There are 2 protein chains.
Amino acid sequence: MLDSICSAGFSHTRSRRAVVEALCATPSGATPAKLRARGRAIHTPLGTVTVYRTLELLESLGLARRIHGEDGCTAWAPVSLAHGHHVICRGCGRAAEFEGCDLEPLLRRVSARTGFRVSEHWLELFGLCPKCIQGK
Amino acid sequence: MLDSICSAGFSHTRSRRAVVEALCATPSGATPAKLRARGRAIHTPLGTVTVYRTLELLESLGLARRIHGEDGCTAWAPVSLAHGHHVICRGCGRAAEFEGCDLEPLLRRVSARTGFRVSEHWLELFGLCPKCIQGK
DNA sequence: TTACTTGCAAAAACTTTGCAGGCGC
DNA sequence: GCGCCTGCAAAGTTTTTGCAAGTAA
């Protein structure tokens, strides 16, 4: 992921590496505060501000994305798939990515009904992950 | 909507009416701060706290819901349909509700692929509303 | 060297909590 | 009158901004 940052014209720095690694270490999503805590294992002086700014940068490059839970939307997760969505576990909060959503028929129906021209969408699923299912 | 609150066992108060009317006046969604501003036209001493608490109440009754935009998720909108989703205009920020989403095939596929047992979902569309399309 | 980055500190914005007084029923 | 409800004030969180020092290239 750092490579993508560099080839986009941004510097390769320890701080960025720390944030990127922390993010990739938690594909299930993590808040800026947690990312900072994790990132400090790699680059100790890592500051909160840098985490925010790096996330912003990653988002603009399409490499990270917010995860929206119904309680809030402060968690971030790395984006690995071209057009992925997340499914979030109600039990432990982990998130998994999945590919493909095939919403075309729906989009056409909504356009016809509301008059909106729909260009993007955003889908998130909630449920229980395999571990939490077993645990019950 | 106030009726629903009352029949659920909560009091009919001016403050609640103010929040409910402000909310219904902005089906496109509004932040707590904006709802308070609008609500003050109805009940002047309306406080921020009451707006938050009323929204919480409405949410628990299934009458209001957060709208999650990619920039944040501080806006709230009334829920009028049984199982509605929102389509949000990138131009003016308005939201419209639509019904039905037929995600069953997708849910099955995701369950099979990730092992998650999916129980809820959450979908939001983005695009341009009829007015904004014309305006361009 | 030169411009981009960083991290601290402080400010700002947003949300929640405590509590005395007010209001619905 | 009783108990829920409200609004102010204050505290707690989260996020953004300003700026001098640091670092990649």
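In this text the structure is predicted, and so the values were computed from the model without any measurement. Residue numbers start from 1 in every chain, and the chains themselves are labelled A, B, ... in the order their sequence lines are given, proteins ahead of strands.
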Rounded distance (nearest 0.5 Å) linking atom [atom1] of [X] with atom [atom2] of [Y]:
X	Y	atom1	atom2	result
R66(A)	W76(A)	CZ	CH2	5.0 Å
F126(A)	W122(B)	CZ	CH2	5.0 Å
L57(B)	F10(B)	CG	CZ	5.0 Å
L46(A)	L35(A)	CG	CG	9.0 Å

Can you tell me whether the side chain of R36(A) and the base of dG7(C) have a donor-acceptor pair closer than 3.5 Å?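 In this structure, the two groups form no donor-acceptor pair.
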Which two nucleotides bound the region of DNA chain D that has atoms under 4.0 Å from heavy atoms of chain A, read 5' to 3'? dT14(D) to dA25(D)
Does [X] reach the side chain of [Y], with side-chain heavy atoms less than 4.5 Å apart?
X	Y	result
E104(A)	R109(A)	no
I88(A)	F116(B)	no
R113(B)	F98(A)	no

Regarding C73(A) and C73(B), I want to know if their SG-SG distance comes in below 2.5 Å, which is how I'm defining a disulfide. yes
Which pair of heavy atoms, one from H43(B) and one from A18(B), lies closest together, and at what distance?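 Shortest heavy-atom separation between H43(B) and A18(B) comes out as CB-CB, 3.8 Å.
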When the C1' atoms of the five terminal pairs at each end define the local axes, what inter-axis angle does the helix from dT1(C)-dA25(D) to dC25(C)-dG1(D) show, to 10 degrees? 40°
Of F10(B) and V49(B), whose nearest nucleotide on DNA chain C comes first from the 5' end?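 The 5'-side residue here is V49(B).
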Listed partners of R38(B) passing side chain to side chain contact (heavy atoms under 4.5 Å, CB included), at least two apart: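 Here the qualifying residues are A22(B), A25(B), T26(B).
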Can you check the [X] [atom1] to [N] [atom2] distance for me, whole Å?
X	N	atom1	atom2	value
E56(B)	dT15(C)	CD	C1'	11 Å
L46(A)	dG7(C)	CG	P	5 Å
Y52(A)	dC8(C)	OH	P	15 Å

Under a single-linkage definition using a 4.5 Å side-chain heavy-atom cutoff for Ile, Leu, Val, Met, Phe, Trp and Tyr, are I67(B) and V19(B) assigned to the same hydrophobic cluster?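 As far as the 4.5 Å side-chain criterion goes, V19(B) and I67(B) are not connected within one cluster.
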For R36(B), give me all partners under side-chain hydrogen bond (donor to acceptor under 3.5 Å, both in side chains), at least two apart in sequence or on another chain. none
Strand contacts (DNA chain C) in residues 11-35 of chain A, 4.0 angstrom heavy-atom criterion: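 Correct list: S11(A), T13(A), S15(A), R16(A).
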So if I take residues 2-9 of chain A and measure heavy-atom distances to DNA chain C, which residues fall below 4.0 Å?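 Residues of residues 2-9 of chain A under 4.0 Å from DNA chain C: none.
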H121(B)-H85(A) side chain donor-acceptor pair, cut-off 3.5 Å: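 Note: H121(B) and H85(A) side chains miss the donor-acceptor criterion.
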